[in-house]
Amino acid sequence: MRIYNTLTSKKEEFLPVSPEKVTMYSCGITAYDYCHIGHARSAIVFDVMRRYIQYKGFAVKYIRNFTDIDDKIINRAKQEGSAWDAVAEKFIQEYYHDMDLLGVGRADVEPKATEHITEMIDIVRGLIAKGYAYEADGSVYFEVGAFREYGKLSKRDLEDMMAGARVEVNEKKKSPMDFALWKASKEGEPAWESPWGPGRPGWHIECSAMSLKHLGETFDIHGGGADLIFPHHENEIAQSEAYTGKPFVKYWVHNGFITVDKEKMSKSLGNFFTIREIMSKFDAEAIRFFLLSTHYRSPIEFSDEQLREAEVSIDRYYTTLLRIDDFLGQDNEKGKASAEEKALEDILGRFRAGFAEAMDDDFNTALAIGGIFELIRVLNKYLDGRPSGKKVADMVTRSRSLLKEAGGVLNIFTRTPAEWYRSLMLVKQIGVTEVDIEVKIGERRQARADKDWARADSIRKDLDEKGIILEDKKDGTTWRVKV
RNA sequence: GGCGACGUACCCAAGUGGCUAAGGGGGAGGUCUGCAAAACCUUUAUGCAGCGGUUCAAAUCCGCUCGUCGCCUCCA
């Protein structure tokens, strides 16, 4: 398995610290607002990495934090006239709501910054003792110049940064690049007792403290959005390595951005879409599929059209699954081979290896999905030959289980076709019920038996206008939701 | 200004030295069907931003040019 490491700027063979157990940490959210689709991408990308590493047979310990104390949370609370911790708690719950629908699993530990104040203070105290940090007016700063390797992740030279520094002037800091480990609290702000007086943690220190506590001094994978490379992750490295004297992380992985009109989606530009906004128009699975249909490091242009195409693709999957289930449900006594038997056997024989090869190459989900649709095409062609018999049933069953296996790793294609259509009916706001549709199908069946094609077609057209497509098959009519 | 990434068909998107340039969507034609739908078939890049170079061999490596974007400030 090869993973692209931001630290070395290349794909590297994945060799975890411990051969059996993989330790990974991803930066979660600051809980001050609803999540947008960029948060979804990050969460889904790392969710898939974790699932795939488990699929490969490793035990995984996965940590994803919540930043529950921060300026933005405090400001939001002020705006709303509520308590800062109530704001954080509310948006953590909203996060779970969105992520559950997107199929993002819970991490093994989901630590909150405020639950690790003691650990953070210990690290800050240690950094001061080792000469990497200094106190000024109740705040503590990390002295960037004292850490020789500063800039190694973001490939920056400290002197260049000073020259072009756009950081605000802070007289208390020795250098403008120094960053806060501990911030003295102002009047009325949340505060914790510390050796430097009442204050609260700086942003970066929490990840160092929580990863150290839950994963140890050196762990395997640390991830987040590419916008966290600098300064957040650079600072984490400085703090952690200065404190422990050990390498902090083996593999740094960063996902690319979502763009709108080619520009990065961001809060400040105001060009962002929240997850729930999108889920009011598209099924959550379509969002997940859309995000996985591009390699995680590439930018993705967000658009309704792309989401719609994702829906069409998923629909193709479930339509095939329905066909498989229909096929396996029918009598398959007499044996009739399909001309495409060899082609299906070939692809079944290499499918699993192909999937692993794609995923082993820096989690190439786009290629892996391509393999899934290749199998679907060959299988459909095979079924077009109307084969029957035990061997055929076995091959079709095997196809289905391989599709489910691959889908399971990506956590897509895990529902039944019926569940998919039901969900589509909700999201497309279809104005007829399943019972209505069955009644219409019954009426049409009679019309067709009477060879009253005009009436049969009018019933079909009527449903089509409501977003329901009828399909006449040998043994009856089925319906689907139009995507 | 410094650092970095990207530019593959009508659209999205894999592929980063050698097998017919994956896969999805769309278009055109066809098979099947009462007609449809689905599915399948054929077709839609002798070509990978442009120009040079390295090599027996380049979308893939190197150089330059053009274009787009990101980070350097909170950001997934």
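What's counted below: heavy atoms across the whole structure, side chains too, no hydrogens, waters or symmetry copies. Proteins get letters first, then strands, A, B, ... in listed order; numbering begins at 1 in each.
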Would you say A/Arg316 places a side-chain N or O within less than 4.0 Å of OP1 or OP2 belonging to B/A39? yes
Of A/Arg480 and A/Ala456, whose nearest nucleotide on RNA chain B comes first from the 5' end? A/Ala456
Do A/Tyr141 and A/Phe179 have ring centres separated by under 6.0 Å? no
Closest to side chain of A/Asp384, choosing from B/G34, B/G24, B/C40: B/C40
Between A/Met1 and A/Tyr52, is any pair of side-chain heavy atoms under 4.5 Å apart? yes
What's the gap between B/A36 and B/G29 when it is taken at their P atoms, as a whole Å value? 13 Å
Quick check on A/Lys155: does its NZ atom have over 12 non-hydrogen neighbours (other residues, nucleotides or ligands) under 6.0 Å away? yes
Across the strands shown, which category fits A/Leu228 at heavy-atom distances under 4.0 angstrom: base, sugar-phosphate, nothing? sugar-phosphate
Using the C1' atoms only, state how far B/A9 lies from B/G24, rounded to an integer number of Å. 13 Å
Please report, rounded to the nearest Å, how far the P atom of B/G1 is from the CG atom of A/Asp157. 18 Å
For B/G17 and B/A58, measure between their C1' atoms and round to the nearest Å. 6 Å
A/Asn271 atom CG is separated from B/G70 atom P, nearest whole Å, by 10 Å
So, do A/His233 and A/His254 have ring centers that fall under 6.0 Å from each other? yes
With heavy atoms under 4.0 Å as the rule, sort A/Arg64 into base, sugar-phosphate or nothing. nothing
Could you tell me whether the phosphate oxygens of B/G15, OP1 or OP2, come under 4.0 Å of any side-chain nitrogen or oxygen in A/Asn364? yes
Nucleotide nearest A/Asn380 (side chain, heavy atoms from C-beta), chosen from B/C11, B/A39, B/A13: B/A39
Calculate the interatomic distance between A/Tyr150 atom OH and B/C3 atom C1'; express it in whole Å. 15 Å
Ring centre gap for A/Tyr251 and A/His222 strictly below 6.0 Å: no
Considering all heavy atoms of both residues, which atom of A/Ile69 and which atom of A/Pro190 are nearest to each other, and what is their separation? CD1-CG, 3.5 Å
Whole-Å distance between B/A37 P and A/Asp475 CG? 20 Å
By the 4.0 Å heavy-atom rule, please label A/Gly225 as base, sugar-phosphate, or nothing. sugar-phosphate
Using the P atom in both, what is the distance from B/G50 to B/C75, to the nearest Å? 40 Å
Quick one: on RNA chain B, does A/Arg41 or A/Asp457 contact a more 5' nucleotide (nearest heavy atom)? A/Asp457
Rounded distance in Å between the P positions of B/C6 and B/U16: 13 Å
B/C71 phosphate, OP1 or OP2: any side-chain N/O from A/Lys264 under 4.0 angstrom? yes
Determine, using ring centers only, whether A/Phe66 and A/Tyr96 are less than 6.0 Å apart. yes
Going from CG on A/Leu424 to CD on A/Glu311, what distance comes out if it is rounded to the nearest 0.5 angstrom? 5.5 Å
Would you say whether A/Trp453 stacks on B/G34? The test is a distance between ring centres of less than 5.5 Å and an angle between planes of less than 30°. yes
If you measure from the C1' atom in B/U44 to the same atom in B/C12, how many Å do you get, rounded? 16 Å
Pairwise P distance for B/A49 and B/C11, with rounding to whole Å: 14 Å
Using Watson-Crick pairs (N1 to N3, plus N6-O4 or O6-N4) and G-U wobble pairs, both distances under 3.5 Å, which stems of at least 3 pairs involve RNA chain B? B:1-7 with B:66-72, B:10-12 with B:23-25, B:26-31 with B:39-44, B:49-53 with B:61-65
Under 4.0 Å: is that the gap between some side-chain N or O of A/Asn255 and OP1 or OP2 of B/A76? no
Could you tell me how far apart A/Lys267 (NZ) and B/C74 (P) are, to the nearest whole angstrom? 17 Å
Interatomic distance, A/Asp360 CG vs B/G15 P [rounded to whole Å]: 14 Å
Measure from the ring center of A/Phe91 to the ring center of A/Tyr34 and say whether it is less than 6.0 Å. yes
Applying a 4.0 Å non-hydrogen cut-off, can you work out what A/Gly371 is touching in the nucleic acid: base, sugar-phosphate, or nothing? nothing
Looking at every strand, decide which applies to A/Lys72 at a 4.0 Å heavy-atom threshold: base, sugar-phosphate, or nothing. sugar-phosphate
Any cation-pi pair here, A/Arg64 with A/Tyr25, using under 6.0 Å and within 45°? no
Length of the line joining A/Lys474:NZ and B/A37:C1', which is rounded to integer Å: 14 Å
Spacing of the C1' atoms in B/A76 and B/C62 (rounded, Å): 35 Å
Measure from CZ on A/Phe230 to C1' on B/C74 and round the result to the nearest Å. 13 Å
Could you please name the option among B/A22, B/A76, B/A36 that lies closest to any side-chain atom of A/Ile258? B/A76
Would you say a side-chain N or O of A/Arg377 is under 4.0 Å from OP1 or OP2 of B/G23? yes
